[in-house]
Amino acid sequence: MSRVYNFSAGPAVLPEEVLKEAAAEMLDYNGTGMSVMEMSHRSRAFEEIIETAEQDLRELMGIPGNYKVLFLQGGAHQQFAAVPMNLMKNRVGDYIITGQWAKKAWKEAQMYGKANAVASSEDKTFSYIPDCSDLPIDADADYVYICENNTIYGTKYHTLPNTKGKLLVSDVSSCFLSEPMDVTKYGLVYGGVQKNIGPAGVVIVIIREDLLTDEVLPGTPTILRYKVQADACSLYNTPPCYGIYICGLVFKWLKKQGGLAAMKEINERKAALLYDYLDNNTLFKGTVAKKDRSLMNVPFITGDKELDALFIKEAEANGFVNLKGHRTVGGMRASIYNAMPEEGVAKLVEFMKKFEAAHKGQEG
Ligand SMILES: *Cc1c(COP(=O)(O)O)cnc(C)c1O
C-alpha cells in the first residue's frame with residue numbers, strides 16, 4: 001500500500017487513523033455483526049452514532065444550547081436554495097460576492113426574492129475580501145450571506161462583516177473545524193463535510209432555534225424545511241448514515257489532537273511553511289492579498305502556464321497529487337486541510353525548492 005500526499009480541494013484527504021478505524025469496523029461495528037452501512041437509521045447503534053457525533057461537534061465548536069445541529073444531504077448547493085426558502089421573510093437577502101460559491105448562492109437566491117450583491121471582489125478575480133465595515137445593507141434584508149473561506153481563490157474573512165444588526169449566514173464548507181469560531185455571531189452556519197471533515201454526502205447546518213419556524217416560502221419542500229429536520233433530529237428520512245459515522249470518527253480524532261485551538265496552531269504552522277516559501281522564492285508566487293489569505297487553500301502560480309503544467313506533472317510523479325488550480329483560475333492550489341500532515345507540506349516545499357533550482361529564470 002502506498003498513500004500519496006493529496007492536496008485535493010474536495011473531496012479531500014482524511015486522517016489515516018480514521019480510515020484505519022473505519023476499515024477495522026467495516027464488517028462488524030461494535031459487536032453488531034454488521035457494517036454501519038447495513039444498519040437501520042432507527043437502530044439503537046446508529047442513534048448512538050449520530051447523538052455522539054452531535055455531542056462531540058458541540059463540544060469542539062462550543063455550540064450553545066439555543067442552536068440546533070442538523071446532519072443533512074444535498075451538499076452546499078442544496079443550502080443555496082434552503083437558506084432563502086427558510087429565512088426570507090421579507091424576501092430580501094444581501095450577498096457578499098467573494099467567489100464562485102458565493103455567486104452561485106446569490107444567483108440561486110434570486111429565484112426566491114430580491115438578492116442584493118452588497119459587495120464583490122470579482123474586479124480582481126476574487127483575490128481579496130472586500131472591506132465589509134460599512135456596507136449598503138438593505139433595511140429589509142432578512143440576512144447577510146457570506147462564503148467564509150473561498151476554496152477556489154484561497155481567501156478567508158479574518159474579520160466578519162458588519163451586518164448592521166442583520167442575521168449572518170455563512171458557508172464554512174472549506175474552513176469547517178480548522179480553527180475555533182464564535183457560533184453566537186451567526187444565525188446559520190453550514191458546510192459540506194467533504195472538504196475538511198468527512199466523505200461527500202453530508203452537509204452540517206447549525207441554526208439558531210428562533211429561526212426554526214413553519215413560516216417558510218410557499219412551495220418549500222418538506223425535506224428542505226429546517227424545522228422539520230430539527231424536530232426529527234435529522235432523522236426525518238434516512239440520513240447519510242455512513243458519512244455521519246465517519247464525521248463522528250473525525251470529531252473524536254480532532255478532540256484527540258487537542259480541539260480547534262490546537263488545530264488552528266497546527267494549521268497556522270503548516271500554512272506558514274508554504275506562504276513563507278512563496279514570499280521568499282524567485283519562481284512561485286501566491287495570488288491572494290496577504291491580509292486575506294486562507295489557512296486551508298493556497299493558490300500559487302509561476303506566471304508561465306507551461307511551467308505550471310510541468311510542475312503539476314512532476315509533482316504528481318513524486319507523490320504530491322491534485323495540485324492543479326481550479327479550472328477558472330489556473331495555476332496551482334494546495335489544499336492543506338486538517339488531515340494533511342505537517343510533513344506533507346514540508347515535503348511539498350522541499351520539492352518546490354528543487355523545482356525552483358532547476359527552472360530559475362524561466363518564470364513569466
Ligand atoms: C465545495 C464547496 C461548495 C460546493 O459544495 P457541494 O457539496 O458540491 O454543493 C460550496 N461552498 C464552498 C465554500 C465549497 O468549498
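Each ligand, and each atom within it, is numbered from 1 in the order the structure gives. Being a predicted model, the structure only gives us computed values, none of them experimental.
In this structure, Phe284 has its ring center closer than 6.0 angstrom to the ring center of Phe311.
Annotation: Asn149 places no N or O atom under 3.5 Å from an N or O atom of ligand 1; distance criterion only.
For atom 5 (O) of ligand 1, the nearest non-hydrogen atom from the set Ala76, Cys175, Ser174 belongs to Ala76.
Checked by atom type and distance alone, the side chain of Asn196 pairs as donor or acceptor with a backbone atom of Phe176 at under 3.5 Å. Side chain of Asn318 to backbone of Phe351: no donor-acceptor contact under 3.5 angstrom is found. The backbone N or O of Thr151 sits less than 3.5 Å from a side-chain atom of Arg333, completing a donor-acceptor pair.
Every atom of ligand 1 is numbered from 1 in the order shown, and the set under 4.0 Å from a heavy atom of His77 is 4 (C), 6 (P), 8 (O), 9 (O). Atom numbering of ligand 1 starts at 1 in the shown order; those under 4.0 Å from a heavy atom of Thr151 are 12 (C), 13 (C), 14 (C), 15 (O). For ligand 1, the atoms lying closer than 4.0 Å to a non-hydrogen atom of Ser173 are 11 (N), 12 (C), 13 (C), 14 (C), 15 (O). Close approach to Cys147 involves these atoms of ligand 1, each under 4.0 Å from a residue heavy atom: 13 (C).
Here Gln78 has no heavy atoms under 4.0 Å from ligand 1, in either its backbone or its side chain. Contacts with ligand 1 closer than 4.0 Å are made by no heavy atom of Ala9, backbone or side chain.
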With a 3.5 Å cut-off and sequence neighbours excluded, list the donor-acceptor pairs that the side chains of residues 215-222 form with protein atoms.
residue	atom	partner	partner atom	Å
Thr220	OG1	Leu217	O	2.6

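Gln194 counts as a contact of ligand 1, since one of its heavy atoms falls under 4.0 Å from the ligand.
The aromatic rings of Trp101 and His77 stand perpendicular to each other, their planes meeting at an angle above 60°, with 30° marking the opposite boundary.
The cluster map of Ile, Leu, Val, Met, Phe, Trp and Tyr, joined by side-chain heavy atoms under 4.5 Å apart, puts Phe251 and Leu260 in the same cluster.
Regarding atom 2 (C) of ligand 1, its nearest protein heavy-atom neighbour is Lys195 NZ, 2.4 Å. In terms of protein heavy atoms, atom 11 (N) of ligand 1 is closest to Asp171 OD2, 2.6 Å.
Residue pairs meeting the salt bridge (charged side-chain N to carboxylate O under 4.0 Å, His left out) criterion with at least one partner in residues 97-121, sequence neighbours excluded, are Lys103-Glu122, Lys114-Asp138.
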